[in-house]
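What follows is one structure encoded as structure tokens, with my remarks underneath.
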Amino acid sequence: MRAAIDSARALRHTAPMLRINDISYSVEGRFLFEGASATIPTGHKVGLIGRNGTGKTTLFRLIRGELALEGGTITLPARARIGGVAQEVPGNEVSLIDTVLAADTERADLLAEAETATDPARIAEVQTRLADIDAWSADARASSILRGLGFDAEDQLMPCRAFSGGWRMRVALAAVLFAQPDYLLLDEPTNYLDLEGALWLESYLMRYPHTVIIISHDRDLLNRAVGAILHLENRALTYYSGNYDQFARQRAANRAVQAAAAKKQETRRAHLQSFVDRFKAKASKAKQAQSRVKMLEKMETIRAPEDAARTVFSFPEPEELSPPIIATEGVTVGYGDTVVLRNLNLRIDQDDRIALLGKNGQGKSTLAKLLSDRLPAMSGKMSKSNKLRIGFFAQHQVEELRVEETPLQHLLRERPGEGQAKLRARLAGFGLGADQADTPVGRLSGGQKARLSLLLATIDAPHMLILDEPTNHLDIESREALVEALTAYSGAVILVSHDMHLLSLVADRLWLVSDGTVAPYDGDLESYRALLLSRDKPASRREDKPRPAKPARADREQILALRSEVKKGEQRVEKLNGMRDKLAKKLADPALYEDGKQGEAEVWQRKYSEVMDGLDRAEALWMAALEKLEQAQG
């Protein structure tokens, strides 16, 4: 029997795909897509990348059918389920675990029907389908996902209203992961996760059983969790096999080849034009000159790749202070009578680059507030340099920008005595050109708002810069520019980020905020990553339900019933194998792929896909029945 199952699983098919064919779409007269095409094979994990504002989120809305194309088509496999995190879950009285469980609507509907159904045949169908979708392990799966995203067992039983918007976004993410749609579309999911949650998500996506398309600027996520890159540039889509680093190398090579071809053609064009200019007036050379004119006219121009304006950050340089710029001895800090961190013995010098590690809720934000004078010490001694200036950047500051004002107006309020020319130069130093300087903040992209907030945080040339998730909303080019700016910056940096790439390039010291205190972490970031992932595995085992005692030997009647179930399972598999073989023979016929028969071929491929899906479920039921029979027989 097992040989038959192995044989059935060995034969796989070319599944229907997501096809984006020659699409066009514009916003306010500006084309985001113009003749763009791409094909994403079923089951692949793809990173969708492109500079801010190029239309990545719009593409998701087009795939979901929320926007109407101006030209072209987007086709998906029949009955494919599309899922994504559209918005946070409402702040209602429903518990987190029940909110996630409700996301699998088919399971919820079947369980409700199982309570009321009276027809024996329908009851059997419902129970079979519940087994097919593994409905009985749903609570454990939902709990595991919530735990990975930072909710412990107690949190999972609390109502959604007890959590802030950022945490409810995590619940929404947990819900769509639990529902397991055929096409999972994720738009910057790590923006509302901490480092621990981002690493868990990366590991989860690597094991996700269906197609994933993820908009992300997180290089580590794009290197570990995806196997292809879909690049949106110049209103076109290009599909690259491999992770982000492979894409970067391949694109650089392609651009070098294109630049060399353009240079070679320009040299040849100049040579032909020189001949025409020299001899067009000479009768003896007129024919040859005319021939070269025609060659020039027919020559299709190869354009050198255009380099987009490079994103930069220009941090003002502070004067040097005597070390240490901050020192604490036995400091305790918290809120009201509640102590969050105790016995802090820390020293920060102006050349330090420190990354704060630790799960959300352990006190990283409390420490940042203490260091930036936003929270006083409850006890202990804390000393600072007299002239110390501190810059502070956090995501809430981006959200608190005045949407009706322009970036220039924000700077005029901070620097009323400076001329507009100097203020515009400051904005340009953070990638905000003349157009953005006079655009209301409400109309700027997330990345442009983040750059404005970074400018406001550093405008006083701080000696120490505290950055809490500075890369949220920044594209990859802007993140690389931030790394360069922080490397050149002569002040101290305290960094909280889920971006492992940024941490690895900037931080030279690691502090672990855990168990009510702060201590140096002796390992590197890779060892910390391995530690977090290994912690999750034992936790899963500890929280599994204990194995039940070995059941008593089944009676003869039960064994007969189990044998009947096994026989039915075997017959179902054999029947589906026969259908598969017939369809495989049909799909192997070259005549099916002749011109004009594309629609017919897709119909047969869809049927084959459905039979293969049914075969997988039938095999699983057969194997489960076999195991039950073996256990019953002892």
Side-chain angles (χ1 to χ4, degrees), residues 47-54 56-57 60 84-88 149-150 164-173 186-202 205 214-222 225 244 311 313 315 355-360 364-365 368 391-401 403 407 430-432 436 441-442 444-458 465-486 493-507:
L48 174 57
I49 67 170
R51 293 180 72 91
N52 287 341
T54 52
K56 300 183 296 296
T57 300
F60 273 10
V85 184
Q87 57 188 9
E88 69 184 47
L149 293 175
S164 65
W167 284 95
R168 292 207 296 269
M169 286 299 296
R170 294 192 187 203
V171 179
L173 175 59
L186 297 179
D187 191 345
E188 292 285 5
T190 57
N191 274 4
Y192 36 86
L193 299 180
D194 56 10
L195 176 59
E196 288 71 18
L199 291 177
W200 177 89
L201 178 64
E202 172 192 301
L205 291 177
I214 179 168
I215 298 172
S216 179
H217 301 294
D218 186 327
R219 287 184 66 143
D220 268 45
L221 180 66
L222 293 173
Y244 180 83
T311 304
F313 292 102
F315 292 166
L356 303 184
L357 308 178
K359 291 187 175 183
N360 272 0
K364 296 192 299 293
S365 295
F392 189 89
F393 172 92
Q395 280 307 299
H396 69 83
Q397 291 171 300
V398 178
E399 297 162 4
E400 291 169 4
L401 293 171
V403 295
F430 278 71
L432 297 169
Q436 290 84 27
V441 165
L444 296 179
S445 70
Q448 290 164 343
K449 293 175 186 175
R451 291 199 288 273
L452 174 58
S453 291
L454 275 169
L455 169 55
L456 294 172
T458 59
L465 193 54
I466 300 174
L467 303 175
D468 187 355
E469 297 293 356
T471 60
N472 282 3
H473 306 298
L474 294 183
D475 57 28
I476 290 178
E477 291 81 1
S478 297
R479 293 180 183 212
E480 296 298 334
L482 179 60
V483 168
E484 291 181 16
L486 290 174
V493 177
I494 309 295
L495 191 57
V496 178
S497 178
H498 65 260
D499 188 332
M500 288 276 284
H501 182 71
L502 174 72
L503 295 178
S504 65
L505 292 177
V506 173

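Of the possible polar contacts, none joining the K56 side chain to the L48 backbone as a donor-acceptor pair under 3.5 Å is found. Not a single donor-acceptor pair under 3.5 Å links the side chain of D194 to the backbone N or O of K359. Under the 3.5 Å distance criterion, the side-chain polar atoms of R170 are matched with a main-chain donor or acceptor of L149. Panel note: side chain H498, backbone T190; a donor-acceptor pair is recorded below 3.5 Å.
When the side chain to side chain contact (heavy atoms under 4.5 Å, CB included) test is applied to T458, the partners found at least two apart in sequence or on another chain are F315, P316, F430, P462, L465. Listed by chain and number, the residues in a side chain to side chain contact (heavy atoms under 4.5 Å, CB included) with S365 are D468 (sequence neighbours excluded).
Under the side-chain contact (heavy atoms from CB on, under 4.5 Å) test applied with V85, the options L173, V171, D187 reduce to a single match, L173. Partner R219 forms a salt bridge (Lys or Arg N to Asp or Glu O under 4.0 Å) with one of E477, E202, E480 and no other, that one being E480.
Going from atom OG1 of T471 over to atom CG of L503 covers 8.5 Å, rounded to the nearest 0.5 Å. Taken from CG in L221 to CG in L199, the straight-line distance is 9.5 Å, to the nearest 0.5 Å. We find the NZ-CD distance between K449 and E400 to be 13.0 Å, quoted to the nearest 0.5 Å. To the nearest 0.5 Å, the span separating CZ on R168 from OH on Y192 amounts to 13.5 Å. Atom CD1 of I214 is separated from atom CZ of F60 by 8.0 Å, given to the nearest 0.5 angstrom. Atom CG of residue L195 and atom CG of residue D499 lie 9.5 Å apart, to the nearest 0.5 angstrom.
Nearest heavy atoms, L401 versus S453: CD1-OG, 3.6 Å. Closest non-hydrogen pair, A225 versus L205, comes out as CB-CB, 4.3 Å. Residues L474 and G447 approach most closely at CD2-O, 3.8 Å, considering heavy atoms. Here the shortest heavy-atom pairing between A457 and F393 reads CB-CB, 4.3 Å.
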Do L502 and R479 pass the side-chain contact (heavy atoms from CB on, under 4.5 Å) test, and can you show the C-alpha distance, the side-chain angles, and the key distance before you say yes or no?
-> CA-CA 8 Å; L502 174 72; R479 293 180 183 212; over 6 Å; no
Would you check, one step at a time, whether the test side-chain contact (heavy atoms from CB on, under 4.5 Å) holds for L454 with L467?
-> CA-CA 9 Å; L454 275 169; L467 303 175; 4.0 Å; yes
Go through the steps to decide whether R451 and H473 satisfy the test side-chain contact (heavy atoms from CB on, under 4.5 Å), and finish with yes or no.
-> CA-CA 10 Å; R451 291 199 288 273; H473 306 298; over 6 Å; no
Show your reasoning for whether side-chain contact (heavy atoms from CB on, under 4.5 Å) applies to D218 and M500.
-> CA-CA 8 Å; D218 186 327; M500 288 276 284; 5.8 Å; no
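Side-chain contact between D220 and S504 is absent, with no heavy-atom pair separated by less than 4.5 Å. Contact annotation: the side chain of L222 approaches that of I476 to within less than 4.5 Å [non-hydrogen atoms, C-beta and beyond].
Between K364 and E469 no salt bridge is recorded (no basic side-chain N to carboxylate O distance below 4.0 Å).
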